Amino acid sequence: MDLAQFFETEISEHAKVVANLGQAVRDPLLRLSDICCRSLQNGGKILFFGNGGSAADAQHLATEIVVRYKINRRALPAIALTTDTSILTATANDFSFEDIFARQVEALARPGDVAIGISTSGQSPNVLKALQAAKAVGATAAGFAGRDGGAMVGVADPLLVVPSKVTARIQEMHILIGHMLCEAIETTLA
């Protein structure tokens with residue numbers, strides 16, 4: 001393997017996805033930023049969830065909202081539904097793996113909250129079920145996806161779809177748009 005060529009190809013592919021990202025997610029990101037700010041201003045919270053790398057992104061973004069992104073300001077309410085191993089394993093054992101996030105959404109989400117499901121394929125059954133649970137309680141069901149949005153299309157709104165079929169590029173863009181969301185919230189509410 002020619003590592004120099006490999007690195008060049010990866011960077012080039014990343015740059016191409018970044019170049020197409022703005023047009024693909026601009027409007028839904030503006031809407032999601034506004035929805036999140038209004039929710040937080042009205043006493044609501046943001047719930048993040050996803051599997052694998054998306055679980056890590058959920059934790060990362062919830063931390064940026066609660067602690068700080070760039071500036072010191074009051075703590076804002078956000079929760080990653082990926083972190084409580086007792087809840088996750090009990091739900092998977094007593095119900096099913098598809099219920100691990102929906103059960104938490106049922107318990108924690110209230111009308112006016114924002115539930116953000118993250119799925120590179122847009123096909124994760126447990127993310128989809130949680131988004132449906134969010135809608136059922138009157139929370140906004142939003143999402144980050146890739147490819148063509150998968151089954152999240154029509155379930156998540158707003159839905160930010162990264163224009164790529166490559167999982168690594170989708171995950172890279174999810175954290176980029178997640179950081180933009182965090183800064184928009186922080187700047188608006190600081």
Side-chain angles (χ1 to χ4, degrees), residues 17-50 54-55 57-66 68-71 73-74 76-82 101-102 104-105 108-124 127-164 169-190:
V17 177
V18 170
N20 294 322
L21 184 68
Q23 183 177 357
V25 303
R26 181 185 182 278
D27 291 341
L29 181 57
L30 289 170
R31 283 185 50 232
L32 181 59
S33 299
D34 182 59
I35 291 165
C36 288
C37 288
R38 279 190 283 116
S39 174
L40 294 167
Q41 287 169 327
N42 292 322
K45 63 189 157 301
I46 303 171
L47 307 172
F48 292 96
F49 47 93
S54 299
D57 288 347
Q59 291 171 220
H60 179 150
L61 297 173
T63 299
E64 304 285 22
I65 300 293
V66 172
R68 71 187 295 255
Y69 179 62
K70 288 187 175 180
I71 60 174
R73 38 90 180 150
R74 72 179 175 91
L76 298 169
I79 304 167
L81 303 183
T82 57
F101 303 132
Q104 293 180 78
V105 168
L108 300 171
R110 299 292 174 260
D113 287 347
V114 182
I116 301 176
I118 307 171
S119 171
T120 57
S121 67
Q123 298 290 91
S124 302
V127 170
L128 292 163
K129 194 164 187 178
L131 291 171
Q132 292 163 341
K135 288 172 122 176
V137 300
T140 296
F144 293 4
R147 297 180 176 84
D148 63 359
M152 288 175 78
V153 174
V155 177
D157 183 30
L159 176 60
L160 289 72
V161 181
V162 173
S164 178
R169 301 297 85 83
I170 296 166
Q171 290 174 331
E172 291 158 8
M173 297 310 113
H174 282 175
I175 206 61
L176 174 60
I177 59 180
H179 278 163
M180 292 191 306
L181 176 64
C182 290
E183 187 160 1
I185 291 168
E186 188 169 84
T187 303
T188 302
L189 301 182

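Note that the structure is a prediction, hence the values are computed from the model and not measured.
Between G154 and K135, the closest heavy-atom pair is O-NZ, 3.4 Å. Across all their heavy atoms, L47 and A109 have their closest contact at CD1-CB, 3.8 Å. In plain terms, the two heavy atoms of Q171 and T120 that are nearest each other are CG-CG2, 3.6 Å. Contact detail for P158 and I35: the closest heavy-atom pair is CD-CD1, 3.7 Å. The two residues G122 and A145 come nearest to each other via the heavy atoms CA-CB, 4.1 Å.
Separation of atoms CG (L159) and CD1 (I116) is listed at 11.5 Å; rounding is to 0.5 Å. A distance of 6.5 Å separates CE in M173 from CG in L21, rounded to the nearest 0.5 Å. Between atom CE of residue M180 and atom CG of residue L29 there is a gap of 5.0 Å, rounded to the nearest 0.5 Å. If you take CG on L76 and CD on Q41, they are separated by 10.0 Å, rounding to the nearest 0.5 Å. Rounding to the nearest 0.5 Å places CZ of F144 at 13.5 Å from CD1 of I170. In this structure, I46 CD1 and I65 CD1 are separated by 4.5 Å, a value rounded to the nearest 0.5 Å.
Ion pair D27/R31 not flagged as a salt bridge, since none of the NZ, NE, NH1 or NH2 atoms sits closer than 4.0 Å to an Asp/Glu carboxylate oxygen. Classification of E186 and K70 as a salt-bridged pair fails, no side-chain N sitting under 4.0 Å from a carboxylate O.
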Where do H60 and E64 land on the side-chain hydrogen bond (donor to acceptor under 3.5 Å, both in side chains) test, with the steps shown first?
-> CA-CA 6 Å; H60 179 150; E64 304 285 22; 2.9 Å; yes

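Evaluated for a side chain to side chain contact (heavy atoms under 4.5 Å, CB included) with M152, the options S124, S119, S121 yield exactly one hit, S119.
The local environment of CZ in R73 is crowded, with over 12 non-hydrogen atoms from other residues, nucleotides or ligands closer than 6.0 Å.
The backbone N or O of G112 sits less than 3.5 Å from a side-chain atom of S39, completing a donor-acceptor pair.
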